[in-house]
Colleague: 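Okay, handing you the structure first.
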Amino acid sequence: MNIILGISASSGISTGKAFVIPEQVERIIPQFPVSSSEIEKEWERFSKAKSKITDKILKQLEGLSPDSKQDKIQKELLETYLLMLDDPVFLQEVRQNLEENPFNIEYILDVKTEEYADRLRNSGNEYLTERAQDICDIFGSVLNELLNIHVFNIEQVPDGAVIVARDLSPSDAIIFTKRKIAGLALAEGGTSSHVAILARNYGIPAVFALENITKEVLQGSKLIVDGTAGEVIVSPDIQTLSDYTAKIEKELEHKEKILKFKDIPAQTKDGTRFTLLANIGTPEEAKLALDQGADGIGLFRTEFLFMQETTTATLRNHVMTEDEQFDAYRTVLETMKDKPVTIRTLDAGGDKIISSLELPTSQEKNPLMGLRAIRLTLNFPKLFKTQLRALYRASVYGNLKIMLPLITTTEQVVKAKELISEVQAELENEGIPFNKDVPVGIMVETAAAGITADCFAKISDFFSIGTNDLTQYTLGVDRENLLVSPLYNEFHLAVLRLIQHTIEAAESEKIPVSVCGEMAGKTDSVLILAGMGIRTLSMGINNIPYIKELLSSISIAELQSISAKSLNNL
Ligand code: PEP
Ligand code: MG
């Protein structure tokens, strides 16, 4: 038995088998001559590797559902791969090269694949240019097979696994929506990272900062993840296992007990009402939010929809279409019926990379300060307008609000509204129904927006305070970087004053203000926010019953005294 200490990223306790994600291996192509007598052997190795990849694709094709749109796109791509693998012209070129210039097959294949891809790239034909990447991908798989490199695919993670990895990208974390993941044990990762947020939403216990975890844990070993204490126990002995089984049962009992709050409105013990909303990243989570008693959706992070598509590398070239987005937004609106649903426009960039979008963001030196969120969508109006069209088309199916992320200037709001007017005019011309009175608000998540909240209050229908980025940008502390995590302090007076100023600005212009950062779902920070006057909180789905329980045990006067202390605490 081995106990490894880390930090808590998502509370709760679970047990499961370790699924260790290997660290990425770089593909290095060897180059050596072979004798003419070895040519046949090399060709045979190539044919074998190629047929292994063909078999894998055929298997993948079998598993696709004919009813899923996404699977249909993937089917097309996998079929293209099969055609490429058997392209007689290309195979003839590889064979000829091997005979005329006898080198090991990996080297020949690598050179010929690059040549082929270059020809496609320079063809001047858009369709063929796009296929260049496909040819590199598919023969890259053959090369990996020849070199015995086993590239990891997140889809391989089974139900009930504890994922052990150096880090997970937000797009890999989409696996939480597809499998029942028991726990998460990461060497890196920040507690305000998107992976941590998703883990909390799905109730997956998670421990981060477990420095050597990928080396210390063997594939398949039994693990206990204690997300509450921030530790992972490897191969527990019988006594420990039985102690933890009892703890898990107790936790479940508390969860059951707390669910009685589901159907009761959120209020303090002296009767002040609160609205508790849910933060979601996929349409399916809307149902989970209702199950936990959410009064609506306060933040739908739409970028996760775009990232979800790229979990399969093969879908790289596919970007969410207007219809696909419309379906997702409509599903959430219909699920929530007349309850409010705030959908945030694409907040890509930073750590949320959408590889299907060929954007310059991957070359940025400091992506969190770069072309992300509203900056990105205003730079790519076609992308932005597609999303806006989908949103307005969906607006007739429920109680929609549109929210703009990472606003720093009033011009950004004005420009976004111009694009909204263009979209509305287009829909009107096309005779497509929409609700033209959808409230358009902003996220206050930069110091700029907080300090000048009075200016933004005049041109926004509502504010939602994003305390995750507000803390990050105000304190200049990367929310993902464990080296500076002690400085990431949501209770810093600078952050609290910005929140207070934003609330005052909203009140003086009589626009609604809520909080949708992680502070809104944590017991200690909720006390301060509520004392400052916040009455609408949007949080991780699983926090809703706990926050209802907390509010029911306290009075407004007590809350006000807690926040007054924090605001005066220099
Ligand atoms: C925030 O920054 O507080 C927020 C809610 O947005 P995200 O966590 O998606 O950046
Ligand atoms: Mg943010």
Side-chain angles (χ1 to χ4, degrees), residues 9-10 169-171 173-174 189-201 276-282 285 289 297-308 342-354 361 367-377 401-408 412 441-450 453 462-481 488-492 494-496 498-499 502-503 513-522 525-526 528-529 534 536-541 543:
S10 172
S169 68
S171 57
I174 294 295
T191 54
S192 312
S193 66
H194 290 96
V195 174
I197 290 172
L198 276 180
R200 289 195 283 269
N201 245 6
L276 301 193
L277 308 169
N279 294 348
I280 61 168
T282 56
E285 285 168 74
I297 303 298
L299 168 62
F300 180 4
R301 293 180 163 99
T302 57
E303 55 280 7
F304 283 97
L305 284 179
F306 287 68
M307 289 194 292
Q308 187 170 14
T342 302
I343 302 187
R344 181 172 72 184
T345 62
L346 193 60
D347 185 4
D351 68 324
K352 293 181 282 194
I353 302 300
I354 296 170
T361 47
L368 286 171
M369 297 285 186
L371 193 67
R372 58 168 289 209
I374 192 74
R375 306 169 182 185
L376 182 99
T377 44
K401 298 168 192 235
I402 295 177
M403 181 154 75
L404 308 171
L406 207 78
I407 293 291
T408 52
Q412 289 168 330
I442 67 160
M443 291 212 49
V444 177
E445 54 181 344
T446 61
F462 63 89
F463 282 162
S464 187
I465 306 174
T467 51
N468 309 336
D469 277 321
L470 187 65
T471 307
Q472 160 166 269
Y473 291 124
T474 303
L475 305 180
V477 178
D478 179 347
R479 64 197 252 194
E480 302 252 355
N481 185 341
Y488 183 89
N489 175 16
E490 294 161 328
F491 299 97
H492 192 294
V495 178
L496 297 183
L498 284 170
I499 296 174
T502 305
I503 297 171
V513 56
S514 58
V515 175
C516 65
E518 290 300 289
M519 279 181 96
K522 290 196 277 204
S525 40
V526 161
I528 297 175
L529 295 172
I534 290 288
T536 304
L537 296 153
S538 190
M539 63 196 74
I541 296 166
N543 296 331

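Just so you know, ligand 1 is whichever comes first in the structure, and atom 1 is the first atom listed for that ligand. Everything quoted here is computed from the prediction, not taken from an experiment.
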Colleague: Check ligand 1 against R301 and write out every atom of the ligand that is under 4.0 Å from a heavy-atom position of the residue.
Modeller: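 Once the distances to R301 are compared, the set is 4 (C), 5 (C), 6 (O), 7 (P), 8 (O), 9 (O).
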
Colleague: Using non-hydrogen atoms of the residue, decide whether M539 is closer than 4.0 angstrom to ligand 1.
Modeller: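 Outside the 4.0 Å threshold, so no.
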
Colleague: So, regarding N468 and ligand 1 (criterion: nitrogen or oxygen to nitrogen or oxygen, under 3.5 Å), is there a contact or not?
Modeller: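 Yes; the residue has a nitrogen or oxygen that sits under 3.5 Å from a nitrogen or oxygen of the ligand.
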
Colleague: Could you check whether any side-chain N or O of S10 sits under 3.5 Å from a backbone N or O of A196, counting only pairs where one atom can act as donor and the other as acceptor?
Modeller: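 The answer is no, because no donor-acceptor pair under 3.5 Å joins these two groups.
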
Colleague: With a 4.0 Å cut-off on heavy atoms, does M443 reach ligand 1?
Modeller: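 For ligand 1, residue contact (heavy atoms, under 4.0 Å) with M443 is present.
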
Colleague: Going by salt bridge (charged side-chain N to carboxylate O under 4.0 Å, His left out), name the residues that satisfy it together with K401, two or more places apart in sequence or in a different chain.
Modeller: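 Partners of K401 by the salt bridge (charged side-chain N to carboxylate O under 4.0 Å, His left out) criterion come out as none, since no residue qualifies.
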
Colleague: Do the side chain of T446 and the main chain of I407 share a donor and acceptor less than 3.5 angstrom apart?
Modeller: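 Yes; at least one donor-acceptor contact below 3.5 Å.
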
Colleague: Have a look around the Mg ion (ligand 2) and list protein N/O/S atoms under 2.8 Å, or say none.
Modeller: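 The answer, once waters are left aside, is E445 OE1, D469 OD2.
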
Colleague: Please check this pair: side chain of S525 against backbone of M519, looking for a donor-acceptor N/O pair closer than 3.5 Å.
Modeller: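 Yes, the answer is positive, given that a donor and an acceptor are paired below the 3.5 Å cut-off.
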
Colleague: Please identify which atoms of ligand 1 are closer than 4.0 Å to at least one heavy atom of L299.
Modeller: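 Listed by number with element: 5 (C).
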
Colleague: With N279, which residues qualify under side chain to side chain contact (heavy atoms under 4.5 Å, CB included), at least two apart?
Modeller: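 Once residues adjacent in sequence are excluded, the partners of N279 under the side chain to side chain contact (heavy atoms under 4.5 Å, CB included) criterion are L299, R301, C516, S538.
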
Colleague: Taking side chain to side chain contact (heavy atoms under 4.5 Å, CB included) as the definition, give me every residue that meets it alongside D469, ordered by chain and number, with sequence neighbours left out.
Modeller: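 Checked D469 against side chain to side chain contact (heavy atoms under 4.5 Å, CB included); matches are R372, E445, Q472, Y473, R479.
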
Colleague: I'd like to know if the side chain of Y488 and the backbone of E480 have a donor-acceptor N/O pair within less than 3.5 Å.
Modeller: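 Judged by distance alone, no pair lies under 3.5 Å.
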
Colleague: Less than 4.0 Å is my threshold; does some heavy atom of Q472 fall inside it relative to ligand 1?
Modeller: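 No, Q472 has no heavy atoms under 4.0 Å from ligand 1.
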
Colleague: Can you list the ligand 1 atoms lying under 4.0 Å from a non-hydrogen atom of D469?
Modeller: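 The list of qualifying atoms is 1 (C), 2 (O), 3 (O), 10 (O).
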
Colleague: In terms of atom number and element, which parts of ligand 1 are under 4.0 angstrom from non-hydrogen atoms of G517?
Modeller: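 Near G517, the atoms of ligand 1 are 3 (O), 5 (C).
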
Colleague: What heavy-atom pair brings I541 and A278 nearest, and what distance separates the two atoms?
Modeller: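 Where I541 meets A278 most closely, the heavy atoms are CG1-CB, 4.1 Å.
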
Colleague: State whether the shortest distance between N or O atoms of R344 and N or O atoms of ligand 1 falls below 3.5 angstrom.
Modeller: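 Yes; the residue has a nitrogen or oxygen that sits under 3.5 Å from a nitrogen or oxygen of the ligand.
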
Colleague: Tell me if a side-chain donor or acceptor on N468 pairs with a main-chain N or O of G517 at a distance below 3.5 Å.
Modeller: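 No: the side chain of N468 does not pair with the backbone of G517.
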
Colleague: Can you check which of M519, M403, E303, R479 brings a heavy atom nearest to atom 8 (O) of ligand 1?
Modeller: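 It is R479 whose heavy atom sits nearest to atom 8 (O) of ligand 1.
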
Colleague: Where on I465 is there a heavy atom closer than 4.0 Å to ligand 1, on the side chain, on the backbone, on both, or on neither?
Modeller: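 Within the 4.0 Å criterion, I465 makes no contact with ligand 1.
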
Colleague: Over all heavy atoms of both residues, which pair between A447 and T474 is shortest? Give the atoms and the distance, please.
Modeller: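 Result for this residue pair: CB-OG1, 4.0 Å.
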
Colleague: With side-chain contact (heavy atoms from CB on, under 4.5 Å) as the criterion, how do I442 and F463 come out once you've worked through the C-alpha distance, each side chain's angles and the decisive distance to 0.1 Å?
Modeller: CA-CA 5 Å; I442 67 160; F463 282 162; 3.7 Å; yes

